[in-house]
Structures are given as C-alpha cells and as structure tokens.
Amino acid sequence: MARVLDAPLKGVGEFFAMTLDTFVSFPSIVRQGREFIEQSWFIARVSTMATVLVAIPFTVLVTFILNILLRELGAADLSGASAAFGTITQIGPMVTVLIVAGAGATALCADLGSRTIHDEISALEVMGVDPVKRLVVPRVWASAFVGVLLNGLVCTIGILGGFLFSVLLQGVNPGAFVNGITLLTGLGELILAQIKAGVFGMLAGLVACYKGLYVRGGPKEVGSAVNETVVFAFMCLFVVNTVITAVGVKVLGA
C-alpha cells in the first residue's frame, strides 16, 4: 500500500515545493517583465476567442431561463438583477475556469513539456539559471493576470448580451433592466469575482508549469501531461471556487 502511494505523494510534494519556490521568487518578476508581457499575450491569444465563443451562449442561455422564471412570477423587471448577479458571481468565474484550464494552461504545459524533453531545462540548470525564476514565475503571474482580464470580458458580455436578449426578444423594459443591475450586485461581488478569476489563473498556471517541467519521456508523455493538466486544473479550480464562494458569502453577508 505504501508503495502504491509513493508516486502520488511524491508528485504532491514536488508540486507544493515548486509552488513555494514560485511565491518566494515573486520579486524576480521585476527582472522578467518582458517575459511576463510575452506570456500574457500568448495566453490571451489562445484564450480570448474561446472565451467569447463560450461566454455568449452560456450567458444567454442562463438569462433566457431566468427570464422565463421571472415572467412566471410576475417579476420580469428584475431580469437585470438576475443577469448581473448570475454573471458576475458565478458565470464569469466559471467560464474563466473552463478557458484558462482548457486553453491557456494546456498551451503552457505543452510549451514547457517540449523544452523539458529536449533538455532545454537541464541546460538552464547547468548554466546556473533557476527554471522557476526564469520560466515559472512569469507564466504563473501572466496566467493570473489574463484570468482577471478574461473574467471582466465575460462579465461584460454577460450583462450586455443579457440586456440585448431580454429587451429585444423577451420584451423586458430596458430601463427596468438597467436599474436592476445593481440591485443584488455591488462592488463587493465584483471584487470577489476578480479575486476568484486571479486565483483560478494562478492555480492553472502552477499546475501547467509543474506538469510541463516534470514530464518524463518523449512526445507521447507530453501529450499525457497536457491531458492531465486539464483534469488536475479542473479539480483544483472547482474546489477553490466552492471555498472562495463560501468565504465570500460569509464576508459579504456579515
């Protein structure tokens, strides 16, 4: 039994050790400004279009269902409140989870994995360059930064799309929709959503960098590491989403 658990426990230990090194090495981001910008653009390039394509049907579907329920209850004028609350508190961060883990993190893992199997990481270590400071730190914080930006994009698409769909197709009064936006959603909910998105991006970047740096073998193993990145990132992100949501409800409700 102990031998069966050796590999998973070793992997968990290596992941937390790399995570600790990443946070300790955070000041090195000042010297890695160019790499941070390049990685931010790289992640944004592979994630933005996917975010738009996922956010539009996702938010419109939720708005459509909520509006049907509100019309049945005679509260169609509250559609703006429901659209803003659902989009900012849950839909925005959740779509960010899907895109950052499914597109951004896999791209990072594939990039680092290919460098690892071609001994580029070993070459950096031989030259005395710390791979965590040089490669991991800018990628992790770029992932967190882009996650925050993507969440803002999803929230904007959700509220704007909900407005157009509700007013043009479901006959909701536009003034009532706009007035209801801030009824249930305020600055606290927006800040909490941005914190979620930043943490999601950071975790996805950490998982991707770990799987990319510790891949062993050839191209087949890189492909397996990319698939594992998606699974592990989703597991971590959904758990963290539950925890942050629970804490946020307590704090905002206090």
Side-chain angles (χ1 to χ4, degrees), residues 14-52 92-93 95-156 191 193-215 219 222-223 225-226 228-230 232-233 236-237 240:
E14 291 173 339
F15 174 75
F16 279 104
M18 190 201 75
T19 300
L20 180 60
D21 289 342
T22 301
F23 283 108
V24 171
S25 303
F26 174 70
S28 66
I29 192 68
V30 177
R31 299 190 300 273
Q32 302 294 335
R34 181 174 181 178
E35 182 74 8
F36 170 78
I37 294 173
E38 290 178 353
Q39 293 304 315
S40 296
W41 171 243
F42 172 69
I43 298 172
R45 190 174 67 247
V46 301
S47 302
T48 303
M49 184 55 65
T51 301
V52 174
V95 171
T96 303
V97 167
L98 297 174
I99 302 305
V100 170
T106 53
L108 291 179
C109 179
D111 176 47
L112 290 179
S114 64
R115 297 186 182 204
T116 300
I117 64 173
H118 289 98
D119 294 327
E120 293 183 28
I121 306 300
S122 299
L124 288 176
E125 293 174 341
V126 169
M127 291 187 294
V129 178
D130 186 355
V132 172
K133 291 182 179 180
R134 181 65 179 84
L135 301 175
V136 175
V137 171
R139 283 164 172 78
V140 168
W141 296 110
S143 181
F145 176 67
V146 174
V148 173
L149 297 183
L150 290 180
N151 182 66
L153 177 62
V154 175
C155 291
T156 302
I191 293 175
Q194 293 293 69
I195 291 174
K196 281 185 183 181
V199 173
F200 293 161
M202 181 184 67
L203 280 175
L206 286 169
V207 172
C209 291
Y210 167 73
K211 298 302 294 183
L213 288 179
Y214 286 88
V215 66
V222 174
V226 170
E228 291 173 0
T229 296
V230 177
F232 292 148
C236 294
L237 297 175
V240 170

Query raised in the report: Got a second to check how far Leu153's CG is from Thr51's OG1, nearest 0.5 Å?
Result: 6.5 Å
Requested in this report: Starting at OG1 of Thr19, measure out to CE of Met202 and round the result to the nearest 0.5 Å.
Outcome: 8.5 Å
Requested in this report: Would you check if Leu20 and Phe16 make a side-chain contact, meaning some heavy-atom pair closer than 4.5 Å?
Outcome: no
Requested in this report: Report yes if the side chains of Leu213 and Met18 come closer than 4.5 Å at any heavy-atom pair, otherwise no.
Outcome: yes
Report task. Sequence neighbours left out, what pairs pass side chain to side chain donor-acceptor pair (under 3.5 Å) with at least one residue falling in residues 143-156? Result -> Asn151-Gln194
Query raised in the report: Do Lys196 and Thr96 have side-chain heavy atoms sitting under 4.5 Å apart?
Result: no
Query raised in the report: Quick one: CG on Leu112 to OH on Tyr210, what's the gap to the nearest 0.5 Å?
Result: 13.5 Å
**Report entry** Note: Arg115-Asp111 ion pair, threshold 4.0 Å (strictly below)
**Finding:** yes
Report task. Check Ala103 against Thr106 and note the closest heavy-atom contact, atom names and distance. Result -> O-OG1, 2.9 Å
Query raised in the report: Hey, what's the ring geometry for Phe26 with Trp141, parallel, tilted or perpendicular (30° and 60° as the breaks)?
Result: perpendicular
Query raised in the report: Less than 4.5 Å apart, any side-chain heavy atom of Val146 and any of Val100?
Result: no
Query raised in the report: Which pair of non-hydrogen atoms, one from Cys209 and one from Arg139, has the smallest distance, and what is that distance?
Result: SG-CB, 4.0 Å
Query raised in the report: Heavy-atom count around Arg45 CZ within 6.0 Å, excluding the residue itself: above 12?
Result: yes
Query raised in the report: Does some side-chain heavy atom of Glu120 sit less than 4.5 Å from a side-chain heavy atom of Leu124?
Result: no
Report task. State, yes or no, whether a side-chain contact exists between Phe42 and Leu108 at a heavy-atom distance under 4.5 Å. Result -> yes
Query raised in the report: Heavy-atom distance under 4.5 Å between the side chains of Phe36 and Gln32, does that happen here?
Result: no
**Report entry** Heavy-atom side-chain proximity of Ile121 to Leu135 below 4.5 angstrom
**Finding:** yes
